[in-house]
Protein chains: 2
Amino acid sequence: MNNKKTKTVVTAQDVADLAGVSRSAVSRTFTENGSISEQTKAKVLRAAEQLGYQVNFLAQGLNRRRSQLIGVVVAHLSDPFRSSLLEALLSEIKSRGYQALVTEVRKDDDLEDTLRRFTQYRVSGVVVTSGQPPEALVEECLQLSIPVVGINRAINLSKVDVVCSDNQKGAQLAAQQLMSAGCQTIGWLNYKDSTWSGVDRGEHFKAALHDWNQQPAHQLINIKTEQNCYEGARAAAHQLVASGQQVDGVFCATALMACGFLDGMREQGKHAPEDFHLIGFDNTPLTSQYSYQLTTIDHSVKETAEKVLWCLESRANNPELAQRQEQVAVSLLTRHTSP
Amino acid sequence: MNNKKTKTVVTAQDVADLAGVSRSAVSRTFTENGSISEQTKAKVLRAAEQLGYQVNFLAQGLNRRRSQLIGVVVAHLSDPFRSSLLEALLSEIKSRGYQALVTEVRKDDDLEDTLRRFTQYRVSGVVVTSGQPPEALVEECLQLSIPVVGINRAINLSKVDVVCSDNQKGAQLAAQQLMSAGCQTIGWLNYKDSTWSGVDRGEHFKAALHDWNQQPAHQLINIKTEQNCYEGARAAAHQLVASGQQVDGVFCATALMACGFLDGMREQGKHAPEDFHLIGFDNTPLTSQYSYQLTTIDHSVKETAEKVLWCLESRANNPELAQRQEQVAVSLLTRHTSP
DNA sequence: TTGAAAGCGATACCAT
DNA sequence: ATGGTATCGCTTTCAA
């Protein structure tokens with residue numbers, strides 16, 4: 001019998017002792033390409049099993065200067081698109097053997113502290129789904145060779161990869177759909193302080209409308225919302241109707257705002273698709289519900305998450321790569337609001 | 001000029017050297033009750049600032065046998081209630097100076113691996129919002145003095161605290177509302193394999209109805225859904241109508257299912273509150289939207305998160321405490337589906 | 001392949 | 001209050 005007291009935590013040394021090998025052998029057993037014989041490996045595994053040994057990730061990370069953690073920056077989880085994106089990221093992160101360190105940011109200032117804390121845990125990568133990371137901080141990350149990737153945002157820093165839905169294609173699909181439905185007065189709805197992604201969608205949308213008809217028979221109306229959410233768009237619909245303007249086709253920067261706009265119009269007795277056509281960007285569970293049945297531009301969060309992890313891993317091996325812009329395929333999902 | 005080469009990462013030793021003090025002094029500077037003079041502290045802070053020193057949390061955690069991480073187990077983020085709960089938890093975790101390690105579980109088996117990985121990072125606590133943690137694993141956590149707390153679930157393990165909405169009060173409020181609206185045939189809708197929380201709400205609901213009227217003039221109908229989501233409840237509504245059964249009041253175990261049921265009934269031409277009254281449990285953004293305006297039982301996710309963290313921290317100081325059951329206050333939020 | 005030993009970066013005990 | 005030092009648990013040369 002060994003003389004262990006109230007030792008609560010099993011270390012590699014304990015396993016080594018029981019298996020009659022060195023600590024190094026234990027470490028090698030739990031490392032991918034550790035050069036170790038099948039025999040000793042088996043012995044170690046048996047001992048480890050018996051003792052219930054678990055690698056201490058803190059010690060491992062300290063030594064390797066890198067943890068198996070991936071930092072994720074999120075915001076506004078109340079938007080169904082954002083929560084489904086997070087869900088996809090969590091799933092992908094786990095399936096690749098990492099763990100997610102998730103932080104919510106409210107103000108842009110939060111982002112700095114957040115990024116700093118991520119580096120203090122020596123994360124293997126950072127995913128930014130909200131906010132603009134300050135250049136200096138990103139530099140710090142890269143110096144520690146921590147890859148950074150942004151989702152659906154322009155980041156004008158070389159070496160920071162970006163994964164983004166194909167906004168041009170999405171806008172074209174929307175324009176095409178509205179035009180062929182015969183819409184004459186078309187609205188583009190977006191948050192007044194929209195991030196780049198929304199702005200980009202809008203510009204491509206206008207360009208697409210223009211391309212469709214060089215002497216535009218249609219008129220374009222900009223609808224700006226005060227808030228970037230359901231309520232903001234609903235209020236915008238109220239204002240629009242109050243102003244007496246007519247629209248027969250509307251494209252919204254996000255699906256949640258499209259639902260808000262739809263409801264706002266309903267309150268005024270105007271319905272889609274009878275009175276106007278409506279298309280939103282982002283396909284979320286909410287949009288498919290019976291009360292909305294929104295026609296949307298669909299882009300897969302799963303594909304997004306996969307590309308994000310791909311960027312992270314490929315850059316980890318090769319930090320000097322130039323910035324990459326990964327596009328996520330989009331498609332038009334025809335539902336009730338624009339059949 | 002100092003002779004540092006391509007040294008990329010600043011350590012406490014570097015700061016100590018620059019400030020002309022010992023490593024210990026640096027450590028004390030960044031520790032709460034470190035006994036250190038204002039003078040040296042100032043010197044250290046200046047040097048740290050100058051060098052951009054950041055504590056390495058991996059090393060700190062290794063030494064303290066405890067990281068500033070809190071593990072959070074989630075599932076089905078597509079349910080708005082779950083994502084808003086997560087949002088509240090993230091916010092509370094951050095404001096208390098921790099970082100959230102978030103993992104999504106799908107099958108119950110996942111929970112075991114997840115919990116194990118949490119312990120490998122020596123988390124300061126574990127929050128279970130989904131699934132039943134296996135007793136053995138929880139034992140392991142407690143052995144490492146990692147407090148575990150469950151949300152809205154019964155965990156029959158002593159020393160695992162539980163934070164739960166006041167289901168009894170909620171059920172009573174719902175029953176009272178439906179009865180005083182004059183409902184005669186009342187439905188209770190729940191997922192067929194519901195977790196304890198749903199079952200508990202149902203039992204209290206039945207008890208409350210019974211208490212209201214000893215010789216019940218009303219009839220109770222159990223509506224079971226095949227899936228624990230919007231679609232499940234919508235399908236249940238279809239079935240209910242097809243079966244020819246009539247209800248004039250329905251209470252749903254979750255708000256998301258209430259919305260699904262509402263839509264399912266609408267498809268059959270039945271509307272609330274004209275044809276039946278409807279109340280859901282959980283107040284989420286979705287329920288307040290114009291297309292639903294659901295009367296719900298509200299319970300604050302913020303209060304929930306605060307109580308969770310309180311449980312975690314108090315048990316950390318005192319691991320031997322008996323299990324605690326924290327109740328979160330509920331209230332009836334009267335909206336359109338049962339005015 | 002294997003083991004011994006030198007870190008990784010910070011903390012805490014023990015003298016001073 | 002301060003500094004020296006053992007220690008946390010694991011990884012990784014370096015020899016053998």
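Values below: all heavy atoms of this structure, side chains included; hydrogens, waters and symmetry mates excluded. Chain naming here is simple, since letters A, B, ... match the order of the sequence lines and numbering starts at 1 in each.
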*Asks:* Once you build an axis from the first five pairs and another from the last five of the helix from C:dT1-D:dA16 to C:dT16-D:dA1, how far apart in angle are they, to 10 degrees?
*Replies:*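 Both end axes considered, the difference amounts to 30°.
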*Asks:* Can you confirm whether the side chains of A:T40 and A:R28 place a donor and an acceptor under 3.5 Å from each other?
*Replies:*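 The answer is no; no qualifying pair exists.
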*Asks:* With a 3.5 Å cut-off and no angle check, do the side chains of A:R65 and A:S145 form a donor-acceptor pair?
*Replies:*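 There is no such pair between these side chains.
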*Asks:* Distance check needed: D:dT13 C1' versus A:R28 CZ, whole Å only.
*Replies:*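 Rounded to whole Å, this separation is 10 Å.
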*Asks:* To the side chain of A:S37, which of D:dG9, C:dT2, C:dT11 is closest?
*Replies:*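 The closest nucleotide is C:dT2.
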*Asks:* Would A:I93 and A:V72 satisfy side-chain contact (heavy atoms from CB on, under 4.5 Å), going step by step from the backbone distance to the final call?
*Replies:* CA-CA 10 Å; A:I93 285 172; A:V72 181; 3.7 Å; yes
*Asks:* Is atom CD of A:Q13 surrounded by more than 12 heavy atoms (other residues, nucleotides or ligands) closer than 6.0 Å?
*Replies:*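 More than 12 within 6.0 Å, yes.
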*Asks:* How many whole angstroms separate atom NZ of B:K43 from atom P of D:dG3?
*Replies:*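 Those two atoms, NZ and P, are 7 Å apart.
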*Asks:* A:D14 CG to D:dC10 P: how many Å, rounded?
*Replies:*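 After rounding, the gap between these two atoms is 9 Å.
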*Asks:* Taking atom P of C:dA12 as reference, at what distance in whole Å does atom CD1 of B:I36 sit?
*Replies:*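 Computing the B:I36:CD1 to C:dA12:P distance gives 14 Å.
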*Asks:* What is the distance from CG of A:N33 to P of D:dT11, rounded to the nearest Å?
*Replies:*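 So the two atoms are 14 Å apart, to the nearest Å.
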*Asks:* How long is the line joining CD of A:Q60 and P of C:dG9, in whole Å?
*Replies:*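 Whole-Å distance recorded here is 15 Å.
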*Asks:* Using the closest heavy atom to pick a nucleotide of DNA chain C for each, name whichever of A:R23 or A:S35 lands nearer the 5' end.
*Replies:*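 The residue closer to the strand's 5' end, by nearest nucleotide, is A:S35.
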*Asks:* So A:V26, base contact, sugar-phosphate only, or nothing? Heavy-atom distance under 4.0 Å.
*Replies:*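 If one applies the 4.0 Å heavy-atom cut-off, A:V26 turns out to touch nothing in the nucleic acid.
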*Asks:* D:dC8, D:dT11, C:dG3: which one has an atom nearest the side-chain heavy atoms of A:N63?
*Replies:*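 Looking only at side-chain atoms, A:N63 lies closest to D:dT11.
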*Asks:* In this structure, how many angstroms lie between the P atom of C:dG9 and the CG atom of B:L62, rounded?
*Replies:*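 Distance, rounded to whole Å: 12 Å.
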